[in-house]
Every structure is written in C-alpha cells, then in structure tokens.
Amino acid sequence: MIDIHAHYDDDAFDDDRDKLLQSLLGEKGVNKIINAGCNIETSEASIRLAEKYENVYAVVGFHPNDAHKMTDDDFEYIKKMLDHPKVLGIGEIGLDYHWDTSHKEIQKEVFRKHLELAVERDLPVVIHERDSIADCLEIVLDYNVKGVFHAFSGSKETAKILLDRGWYISFPGTVTFKNAKHPPENAAFVPEDRILTETDSPYLTAHPFRGKRNDSGYMTYTLEKIAEIRGTDFEHIERITEANAKRLFGF
Ligand SMILES: [Zn+2]
C-alpha cells in the first residue's frame with residue numbers, strides 16, 4: 001500500500017510518531033508515505049520526516065487556507081525546497097471556500113503561482129479542493145500539469161472532466177463511510193491507471209474507525225472497499241495503486 005497523502009507532522013502524533021511510523025513502514029506493510037506540507041513550517045517538517053525515514057517522501061507548498069500568509073520570500077523558499085531529493089512534488093495546493101471565503105482572490109493567485117512553478121519544474125501537484133470546484137476547474141484546466149486531486153469528493157461529471165485531462169483521483173477513508181455518495185460512485189468507474197489511495201492522517205479514518213485518529217494502517221479498509229466496489233480483490237487494488245503512485249511521483 002502507498003499512502004499518497006498524510007500529515008505525520010501533526011500534533012496528533014507527538015506522543016508516538018516514531019514508534020508508529022516504524023511499525024507502519026515495517027510489520028504493517030505500508031510501502032511508502034508522502035507527507036504533505038501546508039505552509040513553510042509543515043513543509044519543513046515534511047522534509048525532516050522524509051530525511052529520517054527511507055520510505056517517507058514530501059510534497060511542499062501553501063494550502064489554500066494558509067495562502068493569505070504567504071510572502072514572496074516564502075515562495076522563494078518553497079522553490080528551494082524543491083531541490084531536495086526527497087521532495088517529489090508541490091502540495092497541498094488549491095482552493096478551499098469551506099473554511100475561508102474572505103481570501104478567495106488571494107487563494108486563486110497563490111494557487112496559480114504554484115501551478116506555474118509545477119509546469120516550470122515538471123513536477124506533479126497535489127490538489128486540495130473544497131466547496132470551490134467551479135473556480136478550481138477553471139484554474140487547473142489552464143495548465144498542462146500532472147497531478148492528483150486528493151480526497152476527491154466531487155461528482156462523477158467533474159471526475160470525468162479531470163480524468164480526460166490526465167488527472168489522478170485519490171481515495172481516503174471516506175469511500176467506506178455509510179453516508180458517502182460521490183466517493184463510492186467514483187471508485188466504481190475511475191480507470192485502473194488513475195486510482196490512488198491515501199489517508200489524510202490524522203483525519204478521515206475509514207469505517208469502522210471513523211472519528212478516531214487516522215494512520216496509514218487503516219488504509220486496508222479503504223483498499224478492501226474499493227476492491228469490493230470494483231468486484232476485484234485487495235491484492236489487485238494494492239498492485240494498481242502502487243504502480244500509479246510510482247508513475248505519478250517517480251519514486
Ligand atoms: Zn491534507
């Protein structure tokens with residue numbers, strides 16, 4: 001299993017981070033983890049984790065809810081971080097009008113800057129989108145960039161537009177939720193070569209552990225659910241999602 005999106009730098013892991021990561025990357029069978037930055041501090045923390053663990057990697061950038069805090073110097077520093085050998089891409093970036101509606105224009109501007117940088121450096125991007133899909137589509141479709149919509153909760157119609165343009169779709173524990181609508185629908189039809197899996201740890205824990213602190217070990221429930229929806233087995237989903245993650249992120 002490869003967890004393409006997690007936040008092990010979060011306070012929720014302060015008490016047992018090292019023990020947990022050792023066990024996840026050891027006996028729990030998690031192959032690789034990509035830790036995502038949301039600002040300078042968490043991007044640096046992601047790199048530190050990647051330096052410590054052979055199979056932890058980082059993506060760096062400014063999350064839409066931190067976009068209004070980004071200075072020109074911060075953006076220059078993000079560019080420098082991209083030279084680190086364990087930094088695989090740019091993220092998490094995007095638009096979020098659920099938590100922040102007062103900086104929409106700044107969010108868009110910062111999002112575009114990161115996408116331009118991704119094109120320039122030929123790096124994949126990790127997109128965060130919440131309650132902002134129309135603006136988000138308008139922006140991403142302007143760029144010839146490869147990447148993934150993480151924890152994608154959009155409709156089948158939106159997924160189709162993205163898939164046509166080469167995007168990957170990533171599924172967290174939400175696909176297992178009893179009241180989930182779009183994720184199970186999308187899990188049924190996204191082509192084999194575009195599905196990715198993630199946890200967004202410490203959030204979005206799969207059923208029956210919903211509400212508990214998440215970690216990459218719970219991804220087994222997500223893979224099992226996707227396998228069930230697609231009428232195949234766990235091993236097959238594990239194989240295709242690992243191959244997809246390796247193709248997109250180049251590790
Ligand atoms: Zn995240």
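Indexing begins at 1, ligand by ligand and atom by atom, following the structure's order.
S132 and D135 share no donor-acceptor pair across their side chains, judged by distance under 3.5 Å alone. S216 and Y8 form a side-chain donor-acceptor contact under 3.5 Å, judged by distance and modelled atom types alone. For the residue pair E198/H5, the side-chain donor-acceptor check at 3.5 Å is not satisfied.
Among the atoms of H5, an N, O or S atom falls under 2.8 Å from the Zn ion (ligand 1). Residue contacts to the Zn ion (ligand 1): H128 brings no N, O or S atom closer than 2.8 Å.
When you scan the N, O or S atoms of D200 for the one nearest the Zn ion (ligand 1), you land on OD1. Of all N/O/S atoms in E92, OE2 sits nearest the Zn ion (ligand 1).
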One pair to check against side-chain hydrogen bond (donor to acceptor under 3.5 Å, both in side chains): E192 and H236. What are the steps and the verdict? CA-CA 10 Å; E192 283 215 338; H236 181 70; 2.5 Å; yes
